[in-house]
K.L.:
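Please find one structure pasted underneath; my questions will follow.
Numbering of ligands and ligand atoms starts at 1, following listing order.
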Amino acid sequence: MVSPRNTAQAAFAPALELVRKYNIPGPRYTSYPTAPQFSADIDRAALLDEIDRDNANPASPLSLYFHLPFCETLCWYCGCNTVITRRRGAGDDYLGLLERELALTAPLLNPARPVTQLHFGGGTPTFLPPAQIDRLAALIHRYFRFAPDAENSVEIDPRRLTKEHVEAYRRLGCNRASLGVQDTNPEVQLAIHHWQPLAQTAQAVAWLRDSGYRSVSLDLIYGLPLQTRDTFARTIDDALTLAPDRLAVFSYAHVPWLKPAQKIFEQRDQLPGTEEKLAMLMTAITKLTAAGYVHIGMDHFARPDDELARAHRDGTLYRNFQGYSTRAGASLYGFGVSSISQTDGSFRQNHKELDAYEAALNAHTLPIERGYLLTADDKRRRTIISDLMCRGGLDFAGLSRRLGVDFAATYAAELDSLADLEADGLLVRAPGRVTITDLGQLFLRIIAMRFDAYLTRRPANYSKTV
Ligand code: SF4
């Protein structure tokens, strides 16, 4: 069992050494294969066959994702797919497009399938005024049947939030919310063009609690301009005053070749170094575990009685495009610009540009930009990487049973490639098992990369792993 509090204290010095060695670009493994493998040159008929197969079983659960891309202003660190506008009519126009996408998709789905998970991401889902949120609710409930215990979540930007927004998403069925906080230090907030006094966040949390949301999560980011381990320690303390059920402490992804607004941080020479970033992560682990939160893996923390912490304990944790999750086995159907859908054997992603997304819908076609059909080897590696990210290691006998192959023989080369990671103390290899050490928990992406068949074939522009 991982003990993150001890991890942070005991592992600091060796981690500082290792971070230089292993801080290379790599995926976050919210999927395998990862999105850079998706191709526009995809057999669409085969994708539709896959959707057909996916809908054969009326009991198989659905996970829905709606991408609501609008924001009023651009945060300079932003890595999301956004449309910056202050035009409220944009929301109504977009709902019209979602309505058409739902109408095109619904005939492909088995209407008996229960929705067990729903997520609104963006952009800023609360960009939509309450009346538009109610319109969205009517649309969704027209097409889908929700399981009584469905986990329905919405990403909240506290800066322009009203109680009416919170209540509208609650009427829709949302029972979980995650709030973007990033950092509470005013200088950092100015540097990233995201001004959000703590009182504003506290007000949002109070409205969510009053409205009956059963889980509130705060999102923080380390590695932002002007942050130090000391300023970030105060951000953690501030976040703890709000008593969230979960926290996500993400590493800032610096990808100026994809997000040009991020270049300003380099021009002003404001970004903390790798060692300082690592110190911030370890400060977060120390403080949050001292406050009673369980470190779920990579970047997530939860109260011990939270579903996520329970899933972590009983080995049912799962990783999807939103990060760690408890709802394994649901097929993901994404709607809206840039959204990704996933069945057992396929991925498909909608157009990332609003114009192209709209043009496809105008032509009465599904707005698919690119996709991927998984091979048998992809599916096996997906399971292996998921076990590394979620279960703390690899159990050869269990994997052989689940994968239907002799795991150790089939992946002997990958297992051999772990020797340097073992020598550096990131994992322990024993007969029939690989166990990730406390130190190795900080390098999960590096360990998982050894089982990624595509990294050497087609390197992609990922952010750094620490
Ligand atoms: S609110 Fe979120 S999605 Fe919108 S610009 Fe800021 S970071 Fe990006």
K.L.:
Could you check whether Ser153 and His119, counting side-chain N and O atoms only, form a donor-acceptor pair closer than 3.5 Å?
P.N.:
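His119 vs Ser153: donor-acceptor pair found between side chains.
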
K.L.:
Can you name the salt bridge (Lys or Arg N to Asp or Glu O under 4.0 Å) partners of Arg145, sequence neighbours left out?
P.N.:
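Result, salt bridge (Lys or Arg N to Asp or Glu O under 4.0 Å) vs Arg145: none returned.
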
K.L.:
Taking only heavy atoms of Thr73, which atoms of ligand 1 are found under 4.0 Å from at least one of them?
P.N.:
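What qualifies from ligand 1 is 5 (S).
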
K.L.:
Is Lys277 close enough and on-axis enough to Tyr252, meaning under 6.0 Å and within 45°, for cation-pi?
P.N.:
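No, Lys277 does not sit over the ring of Tyr252.
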
K.L.:
Can you name the salt bridge (Lys or Arg N to Asp or Glu O under 4.0 Å) partners of Glu276, sequence neighbours left out?
P.N.:
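Counting only residues at least two positions away or on another chain, Glu276 forms a salt bridge (Lys or Arg N to Asp or Glu O under 4.0 Å) with Arg229.
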
K.L.:
Considering only the protein, which heavy-atom contact is closest to atom 1 (S) of ligand 1, and what is its distance?
P.N.:
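The protein heavy atom lying closest is Arg159 NH2, 3.6 Å.
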
K.L.:
Would you list the protein N, O or S atoms within less than 2.8 Å of atom 8 (Fe) of ligand 1, leaving out water?
P.N.:
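Under 2.8 Å from atom 8 (Fe) of ligand 1 - ignoring waters, which are not counted - the protein N, O or S atoms are Cys78 SG.
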
K.L.:
Hydrogens and angles aside, do His194 and Gln196 bring a side-chain donor and acceptor to less than 3.5 Å of each other?
P.N.:
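There is such a pair between these side chains.
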
K.L.:
Kindly write out the residues that satisfy salt bridge (Lys or Arg N to Asp or Glu O under 4.0 Å) with Asp210, not counting sequence neighbours, or none if the list is empty.
P.N.:
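Not a single residue meets the salt bridge (Lys or Arg N to Asp or Glu O under 4.0 Å) criterion with Asp210.
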
K.L.:
Using a cut-off of 6.0 Å, state whether more than 12 heavy atoms not belonging to Glu72 lie near its atom CD.
P.N.:
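Yes, because the 6.0 Å sphere around CD of Glu72 holds more than 12 heavy atoms from other groups.
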
